[in-house]
Structures are given as C-alpha cells and as structure tokens.
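Remember, it's a predicted structure, so these values are computed and weren't measured experimentally.
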Amino acid sequence: MQLKEFQLNAVKELFEAMEKPSRDIILKSPTGSGKTIILTYFMHQYIQSFSKTVFVWLTPGKASLEEQSKEKMDKYIHASKTKLLADVMTSGFEENDCCFINWEKLTKKGNTALRDSERTNFLEHIQNALNNGINFKIIVDESHQNNTIKADEIIKYFKTDKIIRCSATPKGYTKAATVIEIPESEVIAAGLIKKLIVINENFPQVVSTDSQINYLLDKAVKKQRQLHSAFLGLKADINPLIVVQIPNKSETLQEEVERYFESQGMNYENGQLAVWMSKQHENLEEIEKIDSPVSAVIIKQAVATGWDCPRAQILVKLRDNMDETFEIQTIGRIRRMPEAKHYESDLLDSCYLYTFDDKFTAGVKNSLGSGALEATTIFLKNEYKNISLISEQRTMVSTTRNPKKALTAIAAYIKSEFNLSGNMADNKKKLEANGFLFGENIYRNFKTGQMITLSDDLKNLNENFVIENLDTHKHGRDYHQKIGKIGMEIGIEYSFMNTIMRKLVDKKFSYSNKILALGTREVYSFVINNADRLRHIVREALAADIAQTTLKMQQKSEFEWHIPQSFLFTYDSAAKSQAVMDKNVYEGYLTSAEKRSASERKFEKFCQRNPKIEWFYKNGDKGNEYFSIVYTDNSDKQKLFYPDYLIGYNGEIWIIETKGGFDRYGNSEDIDIYTAKKFGYLKQYLDAHNLKGGIVRNDSQSDELCICMDNYNDDISSDSWQILEDVFCN
C-alpha cells in the first residue's frame, strides 16, 4: 500500500494528537480522501509502537460498513489481526487486535444481534481485557450519524483515553477536541477527487422553459454524453452516471423523471436506468462498476451511507415546491475520480450540479467554498492564438522517493547546516553544541514553575528532565515510533528510513558520508531523544537548495505548447465586482475569477492597470494542456511546476510565479518549502530560452508587490527583491 503525501501527513498528525491531553480527536476527512487507508495504516503503525493496545472501530448499522472496513484492512495490511463482533464474542479482545463492530448491534433498541446474555458477555470481554492491561483506542466512523447518548454509554465501558471521530461533516464536538482536517486541495492535487463542482454550467441569466425538470435533465443528459465521448476518446471504458435526487414522498415527480428518460431511450427494461428507493430497487447490482450500462439513477433525499460509486459525475437536484435540507454527503457521491486519478482535462476532472433549488446551491457553496463555483466556457482571443513556449513533462513518473538520493541529500544538508566534516568525534561535539543529546540515557522533559492563571504561557515554566536508563527491549517500540514519524515527514516507509538513519549514525553500517559512528545503544537514544529535530532536518533536506540538481535533456520530454483555445472559466457570481479584465487573453475574463489567492488577485489587478503590460494569461495547476517546467527534489523525485502567469511586456513573454508574501515585520508567509528550488529551475528555463521572469511576493510593510529575478533570497530587505512597479515602468 502506497499512501499519498497528504495521507502520510494525516497519519503523522494522528500520532501527534495521541500524545496530546485531549481525549477526542476529530478527523475531518473529505469523501474520497481514503479515510479507511489512513486509519488502517495508522492503527498498524501505532500497535507496533505501543504495546497492550486494541483498536475498536465502530460503524453505523447500515450497508455492513464494518465488514467493508475490515476487508480493506485485511487487503492493505498483511498479517493484521482484525476481528468482527462475532470473533470478539468467541475469543475476546487480545493485544494488537483491530476490531470492527457494527454500532447499532450494540445500541439499537429491539436489535436481536446480541441477546441480553450475550450483551453481558460482551461487557465481560471488555472488563477482562482491561484487567489484563489492555488499552482501548476507539474509532467512530461516520461520527455524524453516531452522536447519540446510547453510543456514548457504550464507549464508556471501554474506559478509553482516546476517541477518534471521523467524518466529512463532523458534528457536536467540543473546543477541547484536537481537530485534524485533511485539506480538500491536497486530496484534489493527489487526483482522488474532482477538481471542481460546476454549478449550472452555461445557464442564461433568465431561463424560459415549459418544464424545469426537462430543462435540467436535458442539460444532464447532454453533459453525460459529452463526458462519455471524452472518456472513449482516451480509450477509458467509463460510463459517467447521472444521479437524480428527488424529495421524499414525491411519487408524481418520480414518474415525470421516468417518462423523460423513457423519451431518451433509457428505462429499467434496457438496463440504462436505475432506481434506489426504500421500497424499490432496480438495476443496482453492478451500478458501481465503471463500465456499467446504467447511465442514470433516481434516488430520494438521503444517499445510503457507504455507497461508493466513483463514476457518478452529474447530480440533478429536483424540488417539489419546497427547499430540501442540504446534505454534503450527497455532493460527496459525485466527487470521487473513477480511477483515482485526474485525466488532465477540465471536462473530465470536474463534476456537475444542475438545480433550481437556491437553498441547496447555497448549501453547496457554504460547505465547499471555492470548490463549488459557477462556470462558463470562454474562448481565446484571435491575436493570442500564435503564442507558444516549450513546455516540459516528466519522463520518470514515480510516486515514491529514491531512498539512496534521500540519504545523500540528508547527509549533505546536515553537514552543510552544522559545518560537519569526516571527523566523527568533532561532528559529535559540534552537534552537542547545537543542542543534540547523546549518551545511552533517555530524556523525558517536564515543566516546573508557577502559573498565576490557567491562561499563562507554558513557555515561562522551567524545562526539566527525567532520565531513564536505556532498555532496548522496552524502548524498542519508542525507536520504531520515532523512525516511523521521521519517515512520514518525507513519504518514506519505516524500513528505508531506518536504513538511512543507521547509515548516517551507526558505526556498524558502512557509508562514505557518515556523520557519526555510534554504538547500537547510542543509536536508539540518539533517535529517541532528538526525534523532533531529526524530523525537521529530513523535511528541509529534500527541499534545501544544496548541490542544485541540473536536469539533463533526456530526462524530460519537451513539446511546443500553445495557450488553450478555450477553457472552463469558474467565477463567484456573488462577488461585488464582475468587471471584465480586457488585458486577459480570454474573452469575458472577470475580476470575480476563482480560485485565486490574495497574491494572485493583486497581481491580476496590477497587470490590468499597468499601461506597459500588453496581456496576461493565468496558467492552470495540473494537466498537459497547461504550461509546465520539470524539477526534482533532493531525493531525485521528478515533479511538475506550473508557473502562475505568462505576461506580455514590450513584445516579450515573461513567466511569473506568485507566492505568499512577507508580513509587516518582514517574516515570510510562504508555506511552500520548495520555492527556492522552483526558482532555480525557473531561472534555468528562462536562461535556456532567452526569456525573463521571476517570483512575485507582496511586502505588507510597503504594501507593494515585489519581484525576485536573479538570485532567490527569503529576506525581503535584500537587494534580490525589486518593486514590481519599478520593473514594469520603462
């Protein structure tokens, strides 16, 4: 199982949350983000680091979710100790168990899954485990459905100190809870969910129609056929699914929808239409397969929990003289990518909502923000159709990093950062002087001092240590946990990270670039005592501008790129300004364009008002249709860099990347640790093609956009940065 970078980061945050005092941990995980993969991997890693642990995974009662989750863990984690409720009733709870239990079999009134005597036995199994020193950790899946008093009563029997509640829409948690939110943007970047929810594409300002239902369904069917044709063009046998959601108790509306589809040659008999109602099921057996002949399904208000149909791409939300309550789970059903990847096409990488229900539309926007936008297709102006550049694509497409290259980069970074040499004894002294702990003891820090109020800053307290004698058996799990977390920082699994660390510091491992030569016991204590420093170091090492890599021509493919003739323009119709930016290369480009960062908005306004700038183009952030430059991190992993803007100035093409700015004290607000490396590759590209450009950031102190063009520096006061207005005033 290969986790995505954001998934590994979520695992890392879960580990950190387990060390915090709050009992409740909220995992807010967008539909399609691989929540089960994240949690099963986390459980597997956790029980290897902490003895006497049992995970209890609680799911809602419908759709056999507990069985689905268990099957996924068995598939992803080989030799995992998974159990269902029946297994627990037979053998009880045992160390390292991961138990998947249907919540309602324990709580639902009248449920006969457990008789009174069995319920007693279940509670006895819990108590026996507690008597044997077992620590229960609880995971509440789809927690928004399980926020009940009865559920909390059951959880109390486990006497747990940690409850992980996971949902796309968590509810009812306290401020004391630790919240881990998986950014939707990272799930999109990984290709697992669609880039955009396009609302009422190309609808006119005023819609005149004899039938609202027919109007919406016409749009949906036309889009479905367009999508199907595009998939076939890629030789992908995927039949996009239309989901038609009708209100509860609306038989008349259902009949009207059925008549419409019949007129289009789609019905239950020929297998192209399906229905999923509480008392009516048609053609649902294989509806989730990507090549299923079913092109549309009619459902009621709620979509069954756990329904996973990644080919669902179009939602038609109908109403019956009333507004329905918005449910984000419904939107989640059309957001998954059918093959867990993007197709580098705005058409195929988006999902579509058609509705006249303003309340539902407002709910979508409120919940998903700039992920749900109005859209229209805009076209390139004739005078810009001949603009071209050489775009680069990767040739080494790998989802993993090269451990050998990572080792080289980490060794080089540490030596550079702390001025180390080949003398191991001197290196040890230098690292000690920089705060690294050595020896065979394990240091646990604690605080002493006085606090006048509970709101006093803990930083004012004294830092003290309790010293433990190293026991390799006892602290072996500690070592495993620390190495695992260090590896998670850079997406390298435990075994590789352990080898990297051993080669760097263990005298038993040969490596030409070693920094230390410690004995086995010292290696354990060095890693455990300095884990936080080491995590930061390996992360920075892969992004640091050390021994800048120069790509050879054969390591990347190049092709002539032109600005796309048209694209799906997304915008915020509620924005106050809807002015046309006539310097944009597209006809009808508005100031309300989304998604845009603050620096991008400011830069676009600068381009529009500056008389010297002739035109500007906003580049996409993923896909062959957009302009890209290849770069590598220090583990030799190839990545694509999509500069934000192309601009025309004095007959020349400039390439501009915008980044987070500097605050009024000069501190960097850029969260991209690869900015310096991207600049190096951008500069290399500009020099090779005789072009100009740079990185633009906003200086809050002067409220000016500034540009760096020659040598990158993260200090805004350095001579590397010039005021953008001054550069474009000649």
Asn498 (side chain) donor-acceptor with Ser495 (main chain) under 3.5 angstrom:
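Absent.
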
Looking at His475 and Asp471, would you say the former's side chain and the latter's main chain have a donor-acceptor pair under 3.5 Å?
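Here the side-chain-to-backbone pair exists.
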
Could you check whether Tyr76 and Tyr41 have their ring centres less than 6.0 Å apart?
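No, the ring centres sit 6.0 Å or more apart.
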
Please tell me whether Phe93 and Phe136 form a close aromatic pair, meaning their ring centres lie under 6.0 Å apart.
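Ring-ring flag for Phe93/Phe136: true, centres closer than 6.0 Å.
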
Are [X] and [Y] side-chain neighbours, meaning at least one heavy-atom pair lies under 4.5 Å?
X	Y	value
Ile287	Val297	yes
Thr31	Arg335	no
Phe55	Phe42	yes
Glu66	Ile101	no
Arg333	Cys309	no
Thr40	Trp57	yes
Phe509	Asp506	yes
Ile334	Leu241	no

With a 4.0 Å cut-off on N to O distance, would you call [X] and [Y] a salt bridge?
X	Y	value
Lys194	Asp349	no
Arg535	Glu540	no
Glu468	Lys474	yes
Lys482	Asp478	no
Lys485	Glu19	yes
Arg165	Asp24	yes

Could you grab the distance from atom [atom1] of [X] to atom [atom2] of [Y], nearest 0.5 Å is fine?
X	Y	atom1	atom2	answer
Thr59	Asp141	OG1	CG	6.5 Å
Ile47	Asn135	CD1	CG	13.0 Å
Ser51	Asn96	OG	CG	8.5 Å
Ile500	Leu407	CD1	CG	6.0 Å
Lys52	Glu95	NZ	CD	5.5 Å
Glu440	Thr472	CD	OG1	10.0 Å

How about [atom1] on [X], more than 12 heavy atoms from neighbouring residues, nucleotides or ligands closer than 6.0 Å, or not?
X	atom1	value
Lys35	NZ	yes
Asn131	CG	yes
Lys81	NZ	yes

With under 30° as parallel and over 60° as perpendicular, where do the rings of Tyr343 and Phe231 fit, or are they tilted in between?
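Geometry flag for Phe231 against Tyr343: perpendicular rings.
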
Indicate the ring-plane relationship of Trp276 and His281, choosing parallel, tilted or perpendicular according to the 30° and 60° boundaries.
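Ring orientation, 0 to 90° scale: tilted.
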
Pair Thr178-Lys20, side-chain hydrogen bond (donor to acceptor under 3.5 Å, both in side chains): steps then yes or no:
CA-CA 8 Å; Thr178 300; Lys20 294 179 180 178; 5.1 Å; no

Apply side chain to side chain contact (heavy atoms under 4.5 Å, CB included) to residues Leu14 and Ile38 and explain how you reach the verdict.
CA-CA 10 Å; Leu14 283 167; Ile38 293 168; 4.1 Å; yes

Determine whether the side chains of [X] and [Y] contain a donor N or O and an acceptor N or O closer than 3.5 Å.
X	Y	value
Gln48	Gln481	no
Asn441	Ser525	no
Ser91	Lys83	yes
Glu5	Asn9	no

Who are the salt bridge (Lys or Arg N to Asp or Glu O under 4.0 Å) partners of Lys162, not counting sequence neighbours?
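By the salt bridge (Lys or Arg N to Asp or Glu O under 4.0 Å) rule, Lys162 matches no residue at all.
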
Could you go step by step and tell me if Lys289 and Glu286 meet the salt bridge (charged side-chain N to carboxylate O under 4.0 Å, His left out) rule?
CA-CA 6 Å; Lys289 289 187 175 181; Glu286 297 184 339; 3.3 Å; yes

Which heavy atom of Ile483 sits nearest a heavy atom of Met497, and at what distance?
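So the two residues come closest at O-CG, 3.6 Å.
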
Considering non-hydrogen atoms only, spot the tightest contact between Cys99 and Val54 and give its length.
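Minimum heavy-atom separation between Cys99 and Val54: SG-CG1, 4.3 Å.
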
With side chain to side chain contact (heavy atoms under 4.5 Å, CB included) as the criterion, how do Ser295 and Ile242 come out once you've worked through the C-alpha distance, each side chain's angles and the decisive distance to 0.1 Å?
CA-CA 6 Å; Ser295 296; Ile242 301 170; 5.8 Å; no

Determine the sole option in Ile188, Ile193, Leu348 for which the side-chain contact (heavy atoms from CB on, under 4.5 Å) test with His342 is passed.
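Single pass found, and it is Ile188.
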
Among Ile182, Leu27, Ile180, Thr36, the one residue meeting side-chain contact (heavy atoms from CB on, under 4.5 Å) with Cys166
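Checked Ile182, Leu27, Ile180, Thr36 against Cys166; only one passes side-chain contact (heavy atoms from CB on, under 4.5 Å): Leu27.
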
May I have the step-by-step check of side chain to side chain contact (heavy atoms under 4.5 Å, CB included) for Leu273 and Val294, ending in yes or no?
CA-CA 5 Å; Leu273 181 63; Val294 176; over 6 Å; no

